[in-house]
Number of protein chains: 2
Amino acid sequence: MLSKKTKYGLKALAFLASQPDREPVQIAEVAKQENISQKFLESILLTLRRNGFLGSKKGKGGGYYLIKSPEEIQMTAVMRVLEGPIAMVPCVSLNFYEKCEDCPDETACSVHRLMLKVRDANLEVYRNTTLADVIS
Amino acid sequence: MLSKKTKYGLKALAFLASQPDREPVQIAEVAKQENISQKFLESILLTLRRNGFLGSKKGKGGGYYLIKSPEEIQMTAVMRVLEGPIAMVPCVSLNFYEKCEDCPDETACSVHRLMLKVRDANLEVYRNTTLADVIS
DNA sequence: TATTTATCCTACCAATTTAGTAGGATTCAA
DNA sequence: TTGAATCCTACTAAATTGGTAGGATAAATA
């Protein structure tokens, strides 16, 4: 299951991407338009800013705005920041590799074999999809 | 993340599939060979039996065995029983469809659009992979 | 028929994760 | 200097996960 965090984060990115300009948009505005709890969204936007997707401005007239063009934002990056590893098991993860302690031989493991295929299929999608592709 | 339940269930199916015959194998034997908690595995094998993947025999000389050939067991079926829906959000699920209550229009939703692609990519893998394909 | 050996089944439980909430600190514009 | 906005830490209720406990049931065999 996709977490609400990822779902809301994606929706917020898409909302900001479809603004006519890159002027700051208030959290309250995004929350209202996308039906998201404002406080929860606040923490999500914060991590998106910390990870280089958004800029922010404090005080009156402040808010969040995209700092890259939607075409440059790959879904791989978004998913890794919001949802974590793309692989379903650490032993097939490119960025978060870990050996399974219960599995003596990865090359002989059926789970490993299947999850490699799944990882590749997902990477293919996320790499070839940008924020620009998912806005209407 | 793949749950331990799914991971262990897959490993058990693969283990049973690579037996030389279809004689019953005891839970204890599977648990030992695959490094799985026996009691936990017991409940997993039970659901695999209830869902038509395994047969069982009680008493001395009893155990679990595959009741279909590995070539006939699609990963779609295994994943749905062990892990649940293949889709990451209910609004793109074929077998467990549900509307998002927060989303007024699916066709305009960026999450929906992305997750459709992801679902299709995963289905492609799971449909074209059988138990026979993942054993060594 | 009694015993042993296995699965069957329900109920419980600790730890972790998820989806938030509360409340104040900081910064900026007017 | 006073709002208005983000920033940031800490807390929490509910759900999920990964088991465990303990007995009921069924089958083989001595």
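Below, read A as the first sequence line, B as the second, and so on, with proteins coming before strands; counting in each chain starts at 1.
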May I have the distance from B/E101 (atom CD) to C/dA19 (atom P), rounded to whole angstrom?
12 Å
Within less than 4.0 Å of OP1 or OP2 of D/dC8, is there a side-chain N or O belonging to A/R49?
yes
Between A/D102 and B/K11, is there a side-chain heavy-atom distance shorter than 4.5 Å?
yes
Taking atom C1' of D/dT20 as reference, at what distance in whole Å does atom CG of B/L41 sit?
14 Å
Sort out for me which residue in A/L13, A/L48, A/V25 forms a side-chain contact (heavy atoms from CB on, under 4.5 Å) with A/L66.
A/L13
A/I73 with A/L123, same ILVMFWY side-chain cluster at under 4.5 Å:
yes
Looking only at D/dC8, C/dC9, D/dG18, the nucleotide nearest the B/K4 side chain is D/dG18
In whole angstrom, give the distance that lies between atom NZ of A/K5 and atom C1' of C/dG20.
12 Å
Give B/I27 one of three labels, base, sugar-phosphate or nothing, depending on what nucleic acid heavy atoms sit under 4.0 Å from its own.
sugar-phosphate
Nearest-Å distance, CG (B/L45) to P (C/dT7)?
8 Å
Transitive ILVMFWY side-chain link A/L94 to A/M79, under 4.5 Å
yes
Output the rounded distance in Å from CG (A/L48) to C1' (D/dT6).
14 Å
Return yes if a side-chain donor-acceptor contact under 3.5 Å exists between B/S93 and B/E98, otherwise no.
no
Heavy-atom side-chain contact between A/I86 and A/R80 under 4.5 Å
yes
Write down the distance between OH (B/Y65) and P (C/dT7), rounded to a whole number of angstrom.
12 Å
Atom-pair distance (CG on B/L46; P on C/dA6), nearest Å
17 Å
Using whole Å, what does the distance between atom P of nucleotide D/dG19 and atom CG of A/D102 come to?
10 Å
Lys/Arg N to Asp/Glu carboxylate O, B/E29 vs B/K32, below 4.0 Å:
no
State whether B/Y8 places a side-chain N or O below 4.0 Å from either non-bridging phosphate oxygen (OP1 or OP2) of D/dG19.
yes
Where along nucleotides 21-30 of chain C does protein come under 4.0 Å, by heavy atom, of base (B) or sugar-phosphate alone (S), with - for untouched nucleotides?
BBB--BBBS-
